[in-house]
Enquirer: 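Handing you a structure now.
Counting begins at 1 with the first residue of the sequence.
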Amino acid sequence: MTSNLEKALGFELKAFNYLYVLCDYETLLKKNISLEIFVDLCKKKDVKILQYRDKILSLEEQKTNLLYLKSKLNIPIIINDKIELIEFADGLHLGQEDFLKIHKDKKLAVKLVRLKIKDKLLGLSTHNEIEILEANELEIDMIGLGAYKNTNTKDVSTILGSKISYLAKISKHPVCAIGGVKVEDIIENIRFNVVGSGFYED
């Protein structure tokens, strides 16, 4: 049976280490990369999913950027934690803290989120075995798992390294490895390589 994620992608998840790119608006500004250049890079590097993260622009400006990305790229665009922008995106990604803010019972939190996002994609960040086992019980479409390696952009307390492949095997949802992941990394049991600033390195 085709999963919700496969429907959004338009293909069956048969391979591993597909490319999932983080479009962090602050990073684009720091690197002096326009959205136009970013879109060209996505096409060139065969990106399969994009997550838009923006902590600086107004919601109205973020909406404009999301609509621009959607008009130029034929891939699912996930919004990072801004549920109020869901109508302009194909899905939502939330961290553990975001879920707890909605409700301390994660199953209820998912139900409440689903009321707003319907059958759009829903991803949840995980960092260890307990969080993965909890995620297995939730009606979500994928999990982020990390940090894989050390990263310059985020303060990371737990580095999973090669242990990530064992942890990914426990998940019943497709796993997206995050944190110090490179485009060319081959990581066992990982469906998606979530690449941040490494996306701009040739």
Enquirer: Quick check: are there more than 12 heavy atoms from other residues, nucleotides or ligands sitting under 6.0 Å from OH of Y166?
Expert: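 Incorrect, the count does not exceed 12.
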Enquirer: Charged N to carboxylate O under 4.0 angstrom, K120 versus D90?
Expert: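 Salt bridge flag = no for D90 with K120.
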Enquirer: Evaluate side chain to side chain donor-acceptor pair (under 3.5 Å) for N193 paired with N17, printing each intermediate quantity in order.
Expert: CA-CA 5 Å; N193 288 10; N17 305 118; 2.8 Å; yes
Enquirer: Between S165 and E188, what is the shortest heavy-atom contact and its length?
Expert: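 Taking S165 first and E188 second, the nearest heavy atoms are OG-O, 2.9 Å.
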Enquirer: Scan V194, V21, L19, I78 and name whichever one has a side-chain contact (heavy atoms from CB on, under 4.5 Å) with I49.
Expert: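 Going through V194, V21, L19, I78 one by one, the side-chain contact (heavy atoms from CB on, under 4.5 Å) with I49 is satisfied by I78 alone.
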Enquirer: Can you tell me how far CD1 of I140 sits from CG of L92, rounded to the nearest 0.5 angstrom?
Expert: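 Output value for this atom pair is 11.5 Å.
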Enquirer: Closer than 4.0 angstrom, basic N to acidic O: yes or no for R114 and D141?
Expert: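 Counted as a salt bridge, because a side-chain N and a carboxylate O are separated by less than 4.0 Å.
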Enquirer: Quick check for you: to the nearest 0.5 Å, what is the distance between T64 atom OG1 and F88 atom CZ?
Expert: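 Here the rounded value is 9.0 Å.
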Enquirer: Counting only heavy atoms not in E84, do more than 12 sit closer than 6.0 Å to its CD atom?
Expert: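 Enclosed.
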Enquirer: Tell me if a side-chain donor or acceptor on R53 pairs with a main-chain N or O of Y25 at a distance below 3.5 Å.
Expert: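 No; judged by distance alone, with no hydrogens or angles, the pair does not exist.
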Enquirer: Would you kindly say whether Q62 and Y52 are connected by a side-chain donor-acceptor distance under 3.5 Å?
Expert: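 No, no side-chain donor-acceptor pair sits under 3.5 Å.
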Enquirer: For a salt bridge (Lys or Arg N to Asp or Glu O under 4.0 Å) with K106, tell me which candidate from E134, E131, E97 qualifies.
Expert: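 Filter result, single survivor: E134.
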Enquirer: Between the main-chain N or O of H173 and the side-chain N or O of S171, is there a donor-acceptor pair closer than 3.5 Å?
Expert: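 Looks like yes, one N/O pair under 3.5 Å.
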Enquirer: Could you check whether any side-chain heavy atom of I132 comes within less than 4.5 Å of a side-chain heavy atom of E129, counting everything from C-beta outward?
Expert: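 No, their side chains stay 4.5 Å or more apart.
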Enquirer: Between L5 and L124, is there shared hydrophobic-cluster membership here, with clusters defined by ILVMFWY side-chain heavy atoms closer than 4.5 Å?
Expert: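 They do not share one cluster, since no chain of ILVMFWY contacts under 4.5 Å joins L5 to L124.
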Enquirer: Could you state the interatomic distance from CD1 (I187) to OG (S162), rounded to the nearest 0.5 Å?
Expert: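 It is 11.0 Å, given to the nearest 0.5 Å.
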Enquirer: If you measure from CD1 on I33 to CZ on F38, what distance do you get to the nearest 0.5 Å?
Expert: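 Interatomic distance, I33 CD1 to F38 CZ, rounded to 0.5 Å: 9.0 Å.
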Enquirer: Atom CD1 of I164 and atom NE2 of H127: how far apart are they, to the nearest 0.5 Å?
Expert: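 Rounded to the nearest 0.5 Å, the CD1-NE2 separation comes out at 10.5 Å.
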Enquirer: Give the C-alpha distance, both sets of side-chain angles, the deciding distance and a yes or no for side chain to side chain donor-acceptor pair (under 3.5 Å) between S58 and E61.
Expert: CA-CA 5 Å; S58 70; E61 290 169 306; 3.1 Å; yes
Enquirer: Between F11 and Y18, does the ring centroid distance fall short of 6.0 Å?
Expert: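 Yes, the ring centres sit under 6.0 Å apart.
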Enquirer: Going by side-chain heavy atoms closer than 4.5 Å, which hydrophobic residues are tied to I186, directly or by a chain of links?
Expert: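 Once heavy-atom contacts under 4.5 Å are chained together, I186 still belongs with nothing else.
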Enquirer: Between A168 and N189, what is the shortest heavy-atom contact and its length?
Expert: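 Closest pair (atom of A168, atom of N189, distance): CB-O, 3.5 Å.
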